[in-house]
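Please read the structure below before turning to the comments.
Residue numbers start at 1 and run along the sequence shown. Note that these values count all heavy atoms, side chains included, but never hydrogens, waters or copies made by symmetry. Both counts, for ligands and for their atoms, begin at 1 and track the order of listing. All values derive from a computational prediction rather than experimental measurement.
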Amino acid sequence: MKLSLSDPSLLKTQAYIDGQWVDADSGDTFAVNNPATGEEIAQVAKTGAAETARAIAAADRAMAAWKQQPAKARAQILRKWFDLMMAAQEDLAIIMTAEQGKVLAESRGEVAYGAAFVEWFGEEAKRIDGDVIPGPTADRRIVCIKQPVGVVAAITPWNFPNAMIARKAAPALAAGCSIVIKPASETPLSAFAMAELAHRAGVPAGVINVLAGSSSAIGGEMTSNPIVRKLTFTGSTPVGKQLEAQCAATMKKTSMELGGNAPFIVFDDADLDAAVQGAVASKYRNAGQTCVCSNRLLVQDGIYDAFVEKLVKATAALTVGDGLKDGIAVGPLVNAKAVADVDGLVQASVSSGAQVALGGAPHELGGCFYQPTVLTEVSSEMAVFRNEIFGPVAPVVRFATEEDAIRMANDTEFGLASYFYTRDIGRVWRVAEALEYGIVGINEGIISNEMAPFGGVKESGSGREGSKYGIDDYVEIKYMLMGGLDR
Ligand SMILES: NC(=O)C1=CN([C@@H]2O[C@H](COP(=O)(O)OP(=O)(O)OC[C@H]3O[C@@H](n4cnc5c(N)ncnc54)[C@H](OP(=O)(O)O)[C@@H]3O)[C@@H](O)[C@H]2O)C=CC1
Ligand SMILES: O=C(O)[C@H](O)CS(=O)(=O)O
């Protein structure tokens, strides 16, 4: 499959190590395919532990000079990277839609979203301040400084192949760290294109390294190599737990952005049309393949029927197809396994009594397409309630009281995003404070931006990405106590 890029040199297929584009030691490659058509886009270097070890060594060498750069110098390079990403927005979006499947408008949006983290942390680089603390005695003073944590390893998912890299690389570089990145096997091309633009922006050789291939071999080197001082991961909770355990032997700092099971609560007093609009935006973004998608729609009895009627109508209007084509709202799922997983959850729930109000099966287009689906009469024991669906399926659950809604919303091991719609100010505070989540959307279905501290609690992970808090995961605090100052 040939991509229509204005700058074809952005389509890289080798590993980027120490400022060089290199093949795998073995010469092996793996295919990257377009989930909308099944066509092969490229063969990509399939690297492993040896290449990863070299990338980590290069990052270690490069960091010595990078962390000595004045913050303003790092900020200027990050700003240049932002400018180049935005100038290449259309090419980066085409590459992303081709390898991941999301519709082009969403890919454009993700490129801007990812670039916004580069812009934000370029600015934050100049604000990594310390403290002067009064000494415990008259002759002593304490000074706190923040220093880069060290070489960072990042493992990122296929669902946001640009933004999840930017959300990690930008604060790492801003803090003075260097980084080795392993993108998902489904979507390495976006990562390589970002590395090429970083190179053009003046990021020194070795400061950013990107390699794809055997996830267990690459991850094994990343998590065991003592040079790596921090692992940052976005992906499934089971893999996150495994990586966390692998990092324990060398006590690496970790950040984990894991799975979700977002409740979307609609109270009787909600603005119904706004709630339906928010539900559609939150549910069907990226064909439902985001960790903050509404996963359980909890609707109060008084407006349940009206909400379901409006939701079915809005969902039925969503066009399904190849995201590179105009007028498409929902693209394919990332691969055939994802289709089988989603359909498995739907059929298991229907078998347990859920009713199909719309869709409920793979799309007639075949391949990786799934019908936007609304299930009603869902209960808390059903598979779609208990599991992160990661597909265009909206389970609707009834509730009677505010207490019922909070109890059902919190009835999960996950705690990433949550949403609710009400116009009662007292309820806003009661419910927002009672929800066990890192993120609460109130009368809003799209909550992600670079200025907010994105992250979850419970088994949705640890750490925060974005906002003024996002730099904290990439620095270590050191204090110096000076004595003898009275003579
Ligand atoms: N919280 C979030 O933001 C996200 C959550 N998810 C969750 O993950 C599920 C599946 O998505 P998926 O992308 O397959 O998530 P995975 O957790 O399977 O993969 C995420 C990343 O981890 C890598 N990986 C997988 N196994 C290992 C390992 N043993 N050692 C090192 N790296 C590894 C993958 O590489 P490779 O591609 O080579 O397998 C990929 O780069 C979704 O259903 C959802 O629950 C997914 C994406 C984002
Ligand atoms: O991995 C994801 O699903 C993203 O973190 C969601 S968002 O930040 O793009 O909303």
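Nearest to atom 2 (C) of ligand 1 among the protein's heavy atoms is Cys291 CB, 3.2 Å. Taking atom 36 (P) of ligand 1 as the reference point, the nearest protein heavy-atom neighbour is Ser185 OG, 3.7 Å. Counting protein heavy atoms only, atom 33 (C) of ligand 1 is closest to Ser215 CB, 3.6 Å. Nearest to atom 40 (C) of ligand 1 among the protein's heavy atoms is Thr156 O, 3.4 Å. For atom 34 (C) of ligand 1, the nearest protein heavy atom (residue, atom name, distance) is Lys182 NZ, 3.9 Å. The protein non-hydrogen atom at the shortest distance from atom 15 (O) of ligand 1 is Ser236 N, 3.7 Å.
Contacts between Phe233 and ligand 1, counted as non-hydrogen atom pairs separated by less than 4.0 Å, involve the side chain only. No part of Gln289 comes within 4.0 Å of ligand 1, judged by heavy-atom distances. In Leu258, the part holding a heavy atom less than 4.0 Å from any atom of ligand 1 is the backbone. Only the side chain of Glu388 comes within contact range of ligand 1, with a heavy atom under 4.0 Å; no backbone atom does. At a heavy-atom distance under 4.0 Å, no atom of Met222 approaches ligand 1.
Under the side chain to side chain donor-acceptor pair (under 3.5 Å) test applied with Asn261, the options Asn387, Asp411, Asn295 reduce to a single match, Asn295.
Residues Phe192 and Leu11 fail the side-chain proximity criterion, which asks for heavy atoms closer than 4.5 Å.
In this structure, Phe117 and Tyr113 have perpendicular ring planes: the angle between them is above 60°, well past the 30° mark. Taking the six-membered ring where the residue is Trp, Trp21 and Tyr16 present tilted rings, their angle falling between 30° and 60°.
Using modelled atom types and a 3.5 Å distance limit, the side chains of Thr52 and Glu221 yield no donor-acceptor pair. Counted by atom type alone, Glu244 and Thr254 present one or more donor-acceptor pairs between their side chains at under 3.5 Å.
Annotation: Asn159 places no N or O atom under 3.5 Å from an N or O atom of ligand 1; distance criterion only.
Relative to atom 14 (O) of ligand 1, the option among Trp158, Phe160, Phe414 with the closest non-hydrogen atom is Trp158. Distances from atom 28 (C) of ligand 1 to the heavy atoms of Thr187, Val239, Thr237 show the closest one on Val239.
Not a single protein heavy atom sits closer than 4.0 Å to atom 19 (O) of ligand 1.
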Stepwise side-chain hydrogen bond (donor to acceptor under 3.5 Å, both in side chains) check, Lys230 with Ser255
CA-CA 8 Å; Lys230 162 119 188 137; Ser255 297; 2.4 Å; yes

Tabulate distances under 3.5 Å between N/O atoms of ligand 2 and N/O atoms of the protein, writing both atom names on each line.
{"unit_1": "ligand 2", "atom_1": "1 (O)", "unit_2": "Asn159", "atom_2": "ND2", "d": "3.3"}
{"unit_1": "ligand 2", "atom_1": "3 (O)", "unit_2": "Asn159", "atom_2": "ND2", "d": "3.0"}
{"unit_1": "ligand 2", "atom_1": "3 (O)", "unit_2": "Cys291", "atom_2": "N", "d": "2.7"}
{"unit_1": "ligand 2", "atom_1": "5 (O)", "unit_2": "Arg167", "atom_2": "NH2", "d": "3.1"}
{"unit_1": "ligand 2", "atom_1": "8 (O)", "unit_2": "Tyr113", "atom_2": "OH", "d": "2.8"}
{"unit_1": "ligand 2", "atom_1": "8 (O)", "unit_2": "Arg167", "atom_2": "NH1", "d": "2.9"}
{"unit_1": "ligand 2", "atom_1": "8 (O)", "unit_2": "Ser448", "atom_2": "OG", "d": "3.4"}
{"unit_1": "ligand 2", "atom_1": "9 (O)", "unit_2": "Arg285", "atom_2": "NH2", "d": "2.8"}
{"unit_1": "ligand 2", "atom_1": "10 (O)", "unit_2": "Arg285", "atom_2": "NH1", "d": "3.0"}
{"unit_1": "ligand 2", "atom_1": "10 (O)", "unit_2": "Arg285", "atom_2": "NH2", "d": "3.2"}
{"unit_1": "ligand 2", "atom_1": "10 (O)", "unit_2": "Ser448", "atom_2": "OG", "d": "2.3"}

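The environment of NZ in Lys12 is crowded: more than 12 heavy-atom neighbours from other residues, nucleotides or ligands sit within 6.0 Å.
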